[in-house]
Amino acid sequence: MELLLLTFSSIIFFFFLLHALDLYRARRLPPGPAGLPIIGNLLDVGPKPHESLAKLSKKHGPLMTIRMGSITSVVASTPDAAREILQRNDESCSGCSVPDAAASLEHHNATMVWLSANGEWRTIRKALNMYLTHQHKLDTLSALRENVVNGMLDFLRDSGKQMTNVDIGKLAFAVALNMMSNTCVSQNVTSYYSDDLEWFKTAVKTILRVDGKLNLADIFPVLRPLDPQNIRRQAKAAYDWLDKVTDVFINERLKHREMKLPRFGDMLDSLLDFSADNETEFNLVQIRTLLVELFIAGTETSSNTTEWAMTELFVNPDMFSKVRKEVSTIIGKDGKFQEAKILNLPYLQAVIKETTRLHLAVPFLIPHKTENSVKLDKYIVPKNTQILVNAWAIARDPKYWDDPLSFKPERFLESEKDFKGQHFEFLPFGSGRRMCPGIPLAHRVVSLMVASLVYHYDWKLPYDKEDMDMNDTFGLTLLS
Ligand code: HEM
């Protein structure tokens, strides 16, 4: 009997010990590399954080803690870890940390990407969905985007006649920008020949580069007044320029409306109607902020993806021919194709998916932040911890992708995987409530550009394909 009691109490003690150990573990942040005093892991991170953190996660685990000055970040590097954050704990992990580069702007607190996922953020996302990215709205305005493509083809015809080289990155940026502006305000904002194009590109690239850069003023907030890397000043100059240009469109439209001229029926008209009825909820500053945000979020990402898709097709001529052959099946008698038909071409779509996998435009998604203390797997992560999802590492994980470093569109032909946030090994647009709201537009813009560039012209690289630079630079988006 005594022996039985002893065994029973040992079992209870054992379970108690296990539970205590579990609680102890759960109280801790995930493991991570030991850092130096004050600067923490700053030197471990380096200029390409997506690569350095992917390497570190192999040693420290799928959820890993990184510390730099006052910032503590939890980094997710596997599909399961991403699911734990973006699906199981989506609400708790959907805050955002506003970098100093953006915090200094008077209207950062009306910018979707820097707002917490509630209140005003909900209103803006709803407006975006209703007036811009809704399938029906996009269908109604497809002719405007097809016109932009015709303009691009005219420009290419001229360049061909004059035997001048075409910078695909610059061309794709101009087309993405004009498609975005036509969808929002029914007009081109730039021409392929104008100086404005350079200004726009510089402003957008500056913002993406500095918002994503490791800024000492974020890591050590006492340095904020000094702006030691000149980041805030650069961001402000770029935002001011974009604000001014956007104000011109809004003011022109207000005059147009005052004169009771026919409506354009585009996003700007809808936003102005909405604002007239709900001025306290949505005013002119918010409209300008949203337009500027869309120019920033939607142009470089879409043009970068197009540039990478074309680059891969140039170095893989057999794939180029397959896309061309497929596109030719849907060409009308007039030599034109419609946006809607392109979205159903399996090989073209596989090329686009594979491009977004191998050349992620936004490698860490946008940094999220915990809104409250939250249990992630067996760890407890305190409120206000930065959350980074290394989508770049996840998309190259050999456990989920066969031969992950090779460009193989075929892998998507037989697969159900898409980029709508349900497959956590493939997150080019993120997942959960902060997932990219521009997917339907980006999908159309990139498909239309790649299909027309491949179908209408033969291309020749101005140098050997072995000399092609396939590297990238880190910013909020990966810049090619
Ligand atoms: C190929 C093109 C694009 C890619 C790869 C891309 C990717 C992304 C990613 C990864 C995020 C962050 C998601 C997260 O944090 O969980 C994001 C956010 C965002 N994207 Fe896109 N995007 C693209 C095009 C567009 C377009 C065309 C628009 C414009 C309609 C747009 C508007 C936005 C906005 C406003 C956000 C912030 C959403 C929020 O914080 O609630 N994007 N995008």
Side-chain angles (χ1 to χ4, degrees), residues 50 76 82 85-87 90 93-98 102 108 110-134 137-138 141 145 172-173 175-177 179-184 204 208 211-212 267 289-309 352-353 355-369 386-392 394-395 419-421 424 426-450 476-478 480:
H50 51 301
I85 289 166
L86 300 171
Q87 190 181 59
D90 184 23
C93 296
S94 62
C96 61
S97 25
V98 185
H108 79 268
T111 308
M112 200 186 329
V113 70
W114 305 129
L115 281 167
S116 275
N118 44 45
E120 196 177 346
W121 173 87
R122 260 183 234 279
T123 311
I124 304 174
R125 264 193 92 111
K126 207 164 110 197
L128 190 63
N129 179 37
M130 274 190 321
Y131 307 138
L132 184 74
T133 55
H134 192 276
K137 197 83 193 171
L138 285 173
L141 299 175
R145 287 185 296 277
F173 183 86
V175 176
L177 183 59
M179 286 204 191
M180 174 67 80
S181 64
N182 270 283
T183 311
C184 295
V204 169
L208 292 173
D211 277 356
M267 177 170 172
T289 307
L290 177 58
L291 290 176
V292 169
E293 181 169 20
L294 296 179
F295 289 140
I296 297 168
T299 48
E300 180 67 19
T301 43
S302 304
S303 67
N304 234 348
T305 306
T306 306
E307 190 180 355
W308 275 119
I352 290 169
K353 282 184 187 169
T355 307
T356 60
R357 181 194 70 83
L358 197 58
H359 303 289
L360 255 105
V362 193
F364 279 115
L365 312 188
I366 310 280
H368 292 209
K369 194 176 76 178
Q386 188 177 60
I387 300 285
L388 299 173
V389 176
N390 194 345
W392 181 89
I394 290 172
F419 36 56
K420 296 189 187 138
F424 286 83
F426 183 43
L427 296 171
F429 293 92
S431 177
R433 68 191 60 202
R434 291 212 89 109
M435 185 170 74
C436 175
I439 301 176
L441 179 59
H443 185 204
R444 287 168 187 242
V445 168
V446 175
S447 303
L448 204 52
M449 267 201 272
V450 175
L476 201 59
T477 66
L478 272 184
S480 48

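First listed ligand is number 1; within each ligand, the first listed atom is number 1. Computed over heavy atoms, backbone and side chain alike; hydrogens, waters and symmetry mates excluded.
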Where ligand 1 meets [X] - atom numbers and elements under 4.0 angstrom, heavy-atom basis:
{"X": "Gly298", "value": "25 (C), 26 (C), 27 (C), 28 (C)"}
{"X": "Met180", "value": "27 (C), 29 (C)"}
{"X": "Leu132", "value": "30 (C)"}
{"X": "Trp121", "value": "39 (C), 41 (O)"}
{"X": "Leu294", "value": "29 (C), 30 (C)"}

When you measure from [atom] to each heavy atom in [options], which option holds the nearest one?
{"atom": "atom 13 (C) of ligand 1", "options": "His443, Arg434, Met267", "value": "Arg434"}
{"atom": "atom 36 (C) of ligand 1", "options": "Ala82, Ala361, Gly438, Pro437", "value": "Pro437"}
{"atom": "atom 12 (C) of ligand 1", "options": "Thr356, Ile366, Asn129, Val446", "value": "Ile366"}
{"atom": "atom 9 (C) of ligand 1", "options": "Val362, Ile296, Thr355", "value": "Val362"}
{"atom": "atom 21 (Fe) of ligand 1", "options": "Cys436, Pro428, Cys96, Ala176", "value": "Cys436"}

Please write down residue, atom name and distance for the protein heavy atom closest to [atom].
{"atom": "atom 23 (C) of ligand 1", "answer": "Thr301 OG1, 3.5 Å"}
{"atom": "atom 4 (C) of ligand 1", "answer": "Phe429 CE2, 3.3 Å"}
{"atom": "atom 15 (O) of ligand 1", "answer": "His368 NE2, 3.0 Å"}

Between [X] and ligand 1, does any nitrogen or oxygen pair lie at a separation below 3.5 Å?
{"X": "Thr305", "value": "no"}
{"X": "Arg125", "value": "yes"}
{"X": "Arg433", "value": "no"}

> Out of curiosity, Glu293 CD to Thr111 OG1, how far, rounded to the nearest 0.5 Å?
Replying inline: 5.5 Å
> Does the side chain of Leu441 reach to within under 4.5 Å of the side chain of Arg145, using non-hydrogen atoms?
Replying inline: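 Result yes, sub-4.5 Å side-chain heavy-atom pair found.
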> Taking Trp308 as the fixed residue, which of Leu360, Thr355, Val446 is the one that meets the side-chain contact (heavy atoms from CB on, under 4.5 Å) rule?
Replying inline: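 Single pass found, and it is Thr355.
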